[in-house]
Amino acid sequence: MTTDFAATRALFHLPAGVIYLDGNSLGPLPRAAAERVRGCVEDEWGDMLITAWNRAGWMDKPRALGDRIGRLIGAEPGTVVLGDTLSIKVYQALASALDLRPDRRVILSDTGNFPSDLYMADGLVRTLGQGYELRTVAPEAVEAAITPDLAVLMLTEVDYRTGRRHDMKRLIAKAHAAGALVVWDLAHSAGAVEVDLAGSGADFAVGCTYKYLNSGPGGPAFIYIAPRLAAQVRPALSGWLGHEAPFAFDLDYRPGAGIERMRVGTPPILQMAALEASMDIWDRVDMADVRARSIELTEAFIAAVEAACPALTLASPRDPAARGSQVSFRHPEGYAIMQALIAHGVIGDFRAPDILRFGFTPLYTSTADVTGAVAILKRIMDEGLWDQPAFKARAKVT
Ligand SMILES: Cc1ncc(COP(=O)(O)O)c(C=O)c1O
């Protein structure tokens, strides 16, 4: 291993007394982020005012950061750009892919997909009319459901609930053989598992930066288009910054070069400053090391929880090759158990109806975190500490 995980851990602010197993939902604060954002606020926005778009390179950041993320997901240089939220990027990618298959009407997805992806697809289908259809099947049934009428296969690689991982390369090959394009949501993959977009023959991919990539709450999403397709794409969300010459202020829309056309409007400069602090850490990291360490941590966690807490049932695939970097357990009182865990300093999260979800993020999660978290979980289960009204009252965000 070439990555020094003790060194990367020291670069994050991890509150004392907390074991954080939720970086798959919201990454922690890189220590350098506060200073980076302060510099962006005071030195750039404050002193340079609007000249910072040129002088501080603000306008180029969505592409520059796109390349740094691209390295982690096997994307060719110049194929990834940042902006908007992931839901918007899902819509953009899907609309573009459908437009490239004008004779076909079917989008295939699975019932394990993140609801926002399905909602966006449903909204797009309603807007398009003309017989477009969103078909969903169980995750295990996706491969068999790839039929010659398919326009686009739209999947999230790693299931947000269970951590189950699709076989990207295999499904792309199958979809391409049927004449369809594929859109991948990498929200739970980027920075979590090794992804090889170029090597897998991927068409479109999207993802967020506030989970494993630690850009902070509301950080921008990213989008990838394979270089062989980018020049053919006609963006549905044809905003001015995706125009070939935004500052010509032409009245007709002409798409920008390659991935530039997937930009929409003004990028979130302050969030990108925070993301830069995180990418400075990611630049020191080898994804193969992250994956190896993630498997060690998740295997240790599963073995320890199964030995210590027999009332919890593993909801994630047992085979590490078939799961991402999270582990989920089921229990009918999962919500209350998670609230009790949080009250005792172990932060994970809960996903309805009964999933306790734990994220493993080698940049700052240690073996001692695994041992410590399981000891506290065992005490909560053995002593029934979760069985209190305070832990059963549902908050807005679970
Ligand atoms: C797989 C997946 N897709 C889409 C989204 C929605 O992302 P956003 O809120 O940035 O639009 C999420 C959010 O957690 C997600 O996990």
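The chain is numbered in sequence order, starting from 1. Counting starts at 1 for both ligands and their atoms, in listed order.
Ligand 1 lies nowhere less than 4.0 angstrom from a heavy atom belonging to Lys89.
Between Tyr160 and ligand 1, not a single N/O pair is under 3.5 Å apart. Considering backbone and side-chain atoms together, Thr156 places no N or O closer than 3.5 Å to any N or O of ligand 1. The shortest N or O to N or O distance between Leu86 and ligand 1 is under 3.5 Å. In terms of N/O distances under 3.5 Å, ligand 1 is approached by Ser87.
A cation-pi geometry, defined here as NZ or CZ lying under 6.0 Å from the six-membered ring centre and within 45° of its normal, holds between Arg105 and Tyr132.
Looking from atom 9 (O) of ligand 1 to the surrounding protein, the closest heavy atom is Tyr210 OH, 3.4 Å. Ranking the protein heavy atoms by distance from atom 14 (O) of ligand 1 puts Lys211 NZ, 2.8 Å first. Closest to atom 1 (C) of ligand 1, if we only count protein heavy atoms, is Asp185 OD2, 3.3 Å. Regarding atom 16 (O) of ligand 1, its nearest protein heavy-atom neighbour is His188 NE2, 2.8 Å.
A salt bridge links Asp252 and Arg254; the closest N-O separation between the charged side-chain nitrogens and carboxylate oxygens is under 4.0 Å.
Residue Met154 is tested with Asn113, Asp185, Leu108, Leu98 for a side chain to side chain contact (heavy atoms under 4.5 Å, CB included); the sole match is Asn113. When each of Val80, Thr79, Leu186 is checked for a side chain to side chain contact (heavy atoms under 4.5 Å, CB included) with Leu197, only Leu186 meets the rule.
Linking Ile, Leu, Val, Met, Phe, Trp and Tyr residues whenever their side-chain heavy atoms come within less than 4.5 Å leaves Leu65 and Ile225 in two separate clusters.
Heavy-atom minimum distance, Trp282 versus Gly191: CH2-O, 3.3 Å.
Under 4.0 angstrom from ligand 1, the non-hydrogen atoms of Asp117 all belong to its side chain.
The aromatic rings of Phe350 and Tyr335 lie perpendicular to each other, with more than 60° between the two planes, well past the 30° mark. By the 30° and 60° cut-offs, the orientation of the rings of Phe249 relative to Trp240 is parallel.
Taking a cut-off of under 4.0 Å to the non-hydrogen atoms of Thr85, the atoms of ligand 1 that pass are 10 (O), 11 (O).
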